[in-house]
There are 2 protein chains.
Amino acid sequence: MKISLNHKSPIPLHIQAEELLRKMIKDPQFQNGKLLPNEIDLAKQLAISRTTLRQALNKLVYEGLLIRKKGVGTKVADAMISSKSANWLSFSQEMKARGIPIKNFELHVSWIYPEEIIANFFNIKTDQKILKLERLRGRPEGPFVYFVSYFHPRTGLTGEEDFKRPLYDILEADYNIITELSKEEISAKAADKFIAAKLETEPGSPILFRKRFVYDQAERPVEYNLGYYKADSFVYSVESRRG
Amino acid sequence: MKISLNHKSPIPLHIQAEELLRKMIKDPQFQNGKLLPNEIDLAKQLAISRTTLRQALNKLVYEGLLIRKKGVGTKVADAMISSKSANWLSFSQEMKARGIPIKNFELHVSWIYPEEIIANFFNIKTDQKILKLERLRGRPEGPFVYFVSYFHPRTGLTGEEDFKRPLYDILEADYNIITELSKEEISAKAADKFIAAKLETEPGSPILFRKRFVYDQAERPVEYNLGYYKADSFVYSVESRRG
DNA sequence: AATATTAATATGTACAAACATATTAAAACA
DNA sequence: TGTTTTAATATGTTTGTACATATTAATATT
């Protein structure tokens, strides 16, 4: 494993160190309770201060991935079961995994000036056009989900891509954007006229609304995604353990 | 509010600062997006270094209770967003941490013969009575969530417990049941007549429905819980990383 | 040989200082 | 007056340093 950081990169060192630690955690070399290198040595090896390294370590300790013990050292926490991997499946892959036949009803690409919330998330100005992708998908009998995605200009997407391919495949294979982190907010709301029309239901009918914020390995924003699911068409499942 | 720390105490200063910040979060003075005092002033006031104060702030930011913005300041996060690390907190503790006053509208305990689904989950026969707990809770202005819980006989709960105490406290302190794993399924549905009446809304209005399966350390089923949240009263937030 | 002491090791706590960057408000300019 | 520039403010990043404390291993003592 490459154990060094890029000191010239604009990506903060503690973020780089965090990424490296995440990789180390996955390395069998450090599994089964074996200790990581101690803070002082590792900091020296990465050519950063112990404080900066601890900033990275702390985050993983908060997340329960590392366990520190005074006077002993730092080890990787016992593996835990989580729905994380399932969470990462894209819509099409998710449905495929469940054996549900998927029909694409609409697919619309456009370049738009972002609303303030989105520009804010992407950390860009509202006068810079970004790619917007709208999709209406569902079963052969009818649509059950309406997606709206916005992409950061950094992705390099042109809008000419074949969006029938899984999105994260396109980003990774063609644009070398490796998505790593996703934050989601799930709530219920009533369908407005627009959404109701798309999903072929009545205004006011219940909708599962999912906001999704997707980041790359350096925690830079990549995608802002909104999903409107017809009630009873989708169940979001989460598995969590006590931290 | 007393804004000072005990420098002679054996309790670390960053822990004391964290406790103080938790109190500040509950203070109406800092609600509604008002900013906390800035780091440098607050550190000076507490007679600790900025680094130490940030140690405390970081923890609350990670828990989703505080939001920091460069160049602007630090504010208390909007309520109703259940944060990732707080996932495990019970309803009452979550609200308490945010200083939201909670009113218990109804609390009803009964012994019932379980439906097949529940008996199946608990791995018992349908002719064995189990404890059912119904709760209607919300803000002083009105209820926004209706819970139904079923408990495995193994828990030892009698129904005479003081359910105003946090549930997981009762289980752990009084019955030595340590809950460890929780599986949740979140979906949207329309309120039926019964739920609509409880939540003081119209039948057909959108509801965020959460099924929760709780297990102990040996992964034995402990609780089967259903939650009906009024739309817009609750946002479920999840953070996941590519596994 | 059993026990107490000491040393080595690793994390925990805490401070001071400097510079970077985002945001907003005030001042200067056209 | 409207726009640009500048300054003030607040958080973000990073280093260096020092001492405290828990744990374990090595050493000395009884």
Side-chain angles (χ1 to χ4, degrees), chain A residues 4-21 30 33-62 65-77 116-117 119-128 218-221, chain B residues 4-21 30 33-62 65-77:
Chain A
S4 69
L5 303 183
N6 180 4
H7 283 249
K8 283 166 201 153
S9 161
I11 297 165
L13 291 167
H14 71 93
I15 302 277
Q16 290 186 53
E18 188 191 323
E19 286 311 312
L20 186 106
L21 287 167
F30 300 112
K34 251 165 281 170
L35 296 176
L36 296 186
N38 75 66
E39 295 177 354
I40 295 170
D41 289 351
L42 189 53
K44 201 175 289 175
Q45 206 173 137
L46 299 177
I48 58 177
S49 72
R50 190 181 156 213
T51 319
T52 302
L53 175 59
R54 274 180 71 85
Q55 219 176 126
L57 284 164
N58 279 333
K59 202 156 171 202
L60 301 192
V61 169
Y62 283 145
L65 292 167
L66 291 178
I67 292 173
R68 281 197 290 211
K69 217 175 159 191
K70 196 196 269 196
V72 181
T74 305
K75 62 166 189 169
V76 177
E116 208 159 79
I117 300 175
N120 212 45
F121 169 63
F122 283 150
N123 214 0
I124 60 173
K125 297 253 168 70
T126 49
D127 59 2
Q128 182 177 9
E219 303 218 0
R220 293 179 302 189
Chain B
S4 70
L5 304 182
N6 180 4
H7 283 247
K8 282 167 201 153
S9 161
I11 297 165
L13 291 167
H14 71 94
I15 301 279
Q16 289 188 51
E18 187 191 324
E19 287 312 312
L20 186 106
L21 287 167
F30 300 114
K34 251 165 283 170
L35 297 175
L36 297 187
N38 76 67
E39 296 177 353
I40 294 169
D41 288 352
L42 188 53
K44 200 175 290 175
Q45 207 173 136
L46 299 178
I48 57 177
S49 72
R50 193 179 155 213
T51 319
T52 303
L53 175 59
R54 276 180 70 86
Q55 215 176 130
L57 285 164
N58 280 334
K59 203 156 171 199
L60 302 192
V61 168
Y62 183 76
L65 292 169
L66 291 179
I67 291 173
R68 281 197 289 210
K69 213 173 161 194
K70 197 196 267 195
V72 181
T74 305
K75 62 166 188 171
V76 178

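In what follows, every chain begins at residue 1, and chains take the letters A, B, ... in the order their sequences are listed.
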Using whole Å, report how far CD1 of I40(B) lies from C1' of dA16(C).
13 Å

Do L46(A) and T52(A) come within less than 4.5 Å of each other through their side chains, counting heavy atoms only?
no

Nucleotide interval of DNA chain D bounded by contacts with chain B (heavy-atom cut-off, under 4.0 Å):
dA10(D) to dT13(D)

In the structure I gave you, are the side-chain heavy atoms of N58(A) and R68(A) within less than 4.5 Å of one another anywhere?
yes

Atom CD of E39(B) and atom P of dC15(C) are separated, to the nearest Å, by 15 Å

Verify the contact: side-chain N or O of T74(A) to OP1 or OP2 of dT11(C), cut-off strictly under 4.0 Å; return yes or no.
yes

With nearest nucleotide decided by heavy atoms, which residue, K69(B) or L53(A), maps closer to the 5′ end of DNA chain D?
K69(B)

Looking only at the side chain of N38(A) (C-beta and beyond, no hydrogens), which of the listed nucleotides dT24(C), dT11(C), dT13(C) gets closest?
dT11(C)

5'-most contact on DNA chain C (nearest-nucleotide basis), S49(B) vs N120(A), goes to S49(B)

Grab the CD1-C1' distance between I67(A) and dG12(C) for me, whole Å please.
17 Å

Atom CG of N6(B) to atom P of dA14(C): distance rounded to whole Å?
12 Å

Distance in angstrom units between I15(B) CD1 and dA14(C) C1', rounded:
13 Å

Enclosure of K44(B) NZ (heavy-atom neighbours >12, cutoff 6.0 Å)
no

In whole angstrom, what separates K70(B)'s NZ from dT24(C)'s C1'?
15 Å

Across the strands shown, which category fits L13(A) at heavy-atom distances under 4.0 angstrom: base, sugar-phosphate, nothing?
sugar-phosphate

Sugar-phosphate, base or nothing in reach of T52(B), heavy atoms under 4.0 Å
sugar-phosphate

Hey, does the side chain of R50(B) come within less than 4.0 Å of dA16(C)'s phosphate (OP1/OP2), counting only N and O?
no

Touch class at under 4.0 angstrom, heavy-atom based, for A47(A) against every strand present:
sugar-phosphate

N58(B) has an atom CG; how far is it from atom C1' of dT13(C), in whole Å?
15 Å

For the residue pair N38(A) / R50(A), report whether a side-chain donor-acceptor contact shorter than 3.5 Å exists.
no

Length of the line joining K44(B):NZ and dA16(C):P, which is rounded to integer Å:
11 Å

Are the side chain of Q16(B) and the backbone of I11(B) linked by a donor-acceptor contact shorter than 3.5 Å?
yes

